[in-house]
There are 2 protein chains.
Amino acid sequence: MKRTTLKDLARSLDLTEGTVSRALNGYADISPRTVDRVQQAAVKLGYKPNQNARLLATGGVAEAVAYVIPQNHSSLAEPFVAQLLRGLDDSLSRRGWDLLVSHSRSAEDEAEKISRLITSGRVSGVLLTRPFRNDARIKLLQEAKFPFVVHGRSAHCENYAWYDIDNELAIKTATLHLIEQGHSRIGFIGAPLYYNFAYQRLEGYKLALQESGIDYDETIVEITEMRDDAGESAAANQLDSDHPPTAFVCVSDTQALGVLAAVRTRGLTAGADVSVIGYDGLKIGRHANPPLTSMAQPQVQSGRELGDMLLAIIDGDDPTKHQVLKRAELLLRNTVGPVVKDRNYH
Amino acid sequence: MKRTTLKDLARSLDLTEGTVSRALNGYADISPRTVDRVQQAAVKLGYKPNQNARLLATGGVAEAVAYVIPQNHSSLAEPFVAQLLRGLDDSLSRRGWDLLVSHSRSAEDEAEKISRLITSGRVSGVLLTRPFRNDARIKLLQEAKFPFVVHGRSAHCENYAWYDIDNELAIKTATLHLIEQGHSRIGFIGAPLYYNFAYQRLEGYKLALQESGIDYDETIVEITEMRDDAGESAAANQLDSDHPPTAFVCVSDTQALGVLAAVRTRGLTAGADVSVIGYDGLKIGRHANPPLTSMAQPQVQSGRELGDMLLAIIDGDDPTKHQVLKRAELLLRNTVGPVVKDRNYH
DNA sequence: ATTGCGTCCGAAAGCGGTTTCGGGATAGCA
DNA sequence: TGCTATCCCGAAACCGCTTTCGGACGCAAT
């Protein structure tokens, strides 16, 4: 039960392979009558061109790109992924390209997967996310001269294409918002600093404090994994201390959700006793308790733009022409309120 | 700046293509010395085998499967997708296969995408989700004799592979749980009934009522889209009626979240004044207000099993041997409580 | 000096398409 | 009827790699 090939088709029609091929591909030098016969026969015999042969002959490239999903990606942040995916697909499918996703469980695993991807010839471009400050994957791709774009950027991002949110500005905005509400003791729930975005967000926090003449106090900055439980225990830590913060700025909604939990279990209410602001603008934040104020970035749109960028680069564009920096918007919900000075809940 | 081919390599080494090929592929009839030279040269010249040519020559198939993501998929239910994706990738990457995702915006679009997938030769299997009771996509795949498995099942599911949760049982369990708490006027927030799972879940609801001697009252069943806002307005409808339900069972967490919102805005509290139970066991339900009781199904695991099934079928297994029915677990959180008879909140 | 037997590599035939080139048949025109 | 222009199609090379087959060569055994 072999697939029917061009040769089969040709034989059954008493034509040559070349003729059949041209008929199928709409060449002008085939009589309409023949084209017809060929098409009929093609569907009848269930002919499906062998893609490998076709691409080999035409010298075509794989019409697909890969999205490599970061390793220990918080399961709560996954809406993020799904949205991006959709945007990407939007962009790619406009050209009929395919999207291939690849997970990985460790950094080495990821490097290995990437080199497999670039040598396999299965994709002609790669999309990276959540780069480290100093990212080996980027170096890999650069050395291989393989088309790629990164969602986010590493510390040295001059020579490749990226699409990022101004993390510094975003967190600075968030922090200033808190400060405007009278808060001055603002806890920071961060992520591991080898992530460049985490580093930048911490910088933004520091900047806001500095501009406002507030001293940076490292005892109220917590660096945790981007999970809700991590955020929760970090916040618990802070809230149970002698001199707890009156507000928290978090680098992810996931962590912020955890912070809210910690706040609740202590009989406090966010937005009144304690203010909390997250990052990502996840839709589910609307259903949090209370609805979570956050810094939002439109993911679907990001995916779309990232796809377009990647496509352009594959087409030969200079990657350095594609470096876009967006800004996040403050998404006001209910977890931020003016400071209460006389709080005393111990 | 062409890629270096086998021929280039061979010429540079003064060997024939055949020899170089065998050297690279570890044939035993090549002297170690030569193997060495070839490998050296290969990395020096940056040789990457052309995958199309290789597959053509070996008659190999595409080592990839596609996951087609349902059309108007609720953005809030997306954690669902991400989890499944991860499980799938787990299964596939064990064999070095790739995962290709494909979205679609309409039913026709989807059919078109599927037939493109099966003729393109880019994948050798397809995973479908959320089938309709009568699903054209399944027919398409069946007629094409293309390997596939579906997550869920259609009304007639005897002849293909599927992996599903016992929807009827799950919702019956949920409903009975509510009944045990004394509720007898239980609203149902359903999804469009052309989805088979939606149909089955409604059946489960009816079954539970019937077993408990409660009359089915169609004025308290609402069929809505699987979005939070849809759930919210449906619940609002019910709550504002003359004779409102004391509890709701929903076919998705997404809708349940909306129901909770409706409950809150009316000054009621779920778990006390009104009971609510969702479906999906989304992790974020933990952060809902209050934390959402739900019927849970492990998505990552599902993805893994689905991947294994698909692989097995591609390997030639009889699809009908792969039909697995799991059961959902009742995930107790805080939105269910005993009925309060004297409620009066108008 | 034959014969025999491994070892290692060259030659060549595909795999299933695409595309260029050229010529036979037919039609148009004188 | 003869000549050229046009229309269709056949022939064949090629894309880059795999794999079978056989032969050259070197060495030990006879």
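Remember, predicted model here, so these are calculated numbers, not experimental data. Letters go in sequence order (proteins before strands), and every chain restarts at 1.
- Residues V123(A) and F146(A) have side chains in contact (heavy-atom distance under 4.5 Å, counting atoms from C-beta outward).
- With contacts defined as side-chain heavy-atom distances shorter than 4.5 Å, the pair L141(A)/I138(A) does not qualify.
- Overall, the helix from dA1(C)-dT30(D) to dA30(C)-dT1(D) carries an axis bend of 60° between its ends, with five pairs at each end and the value rounded to 10°.
- Look at CG on D36(A): it is 13 Å from P on dC8(D), rounded to the nearest Å.
- Side chains of R304(B) and R86(B) form no contact here, defined as non-hydrogen atoms less than 4.5 Å apart.
- Regarding contacts with the backbone of dC8(D), every side-chain N or O of T34(A) stays at 4.0 angstrom or more from both OP1 and OP2.
- At least one side-chain heavy atom of I114(B) sits less than 4.5 Å from a side-chain heavy atom of I118(B).
- Rounded to a whole Å, the CZ atom of R11(B) is 15 Å from the P atom of dG10(C).
- Between T320(A) and Y160(A), every side-chain heavy-atom pair lies at or beyond the 4.5 Å cut-off.
- Rounding to whole angstrom units, CG of residue L13(B) and C1' of dC9(C) are separated by 13 Å.
- Side-chain atoms of R22(B) and T19(B) form a donor-acceptor pair, as typed in the model, at a separation below 3.5 Å.
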> What string of B, S and - do you get for nucleotides 16-22 of chain D 5' to 3' if you count protein non-hydrogen atoms under 4.0 Å?
Replying inline: BBBBB--

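- Remark: the D317(A) side chain and the H322(A) side chain contain an N/O donor-acceptor pair separated by less than 3.5 Å.
- Side-chain contact between V20(A) and T16(A): absent, with no pair of heavy atoms (C-beta onward) separated by less than 4.5 Å.
- Proximity of S31(B) to the phosphate of dC9(C): a side-chain N or O atom is located under 4.0 Å from OP1 or OP2.
- Within the 4.0 angstrom heavy-atom criterion, only backbone atoms of the sugar-phosphate kind lie near L15(A); the bases stay farther away.
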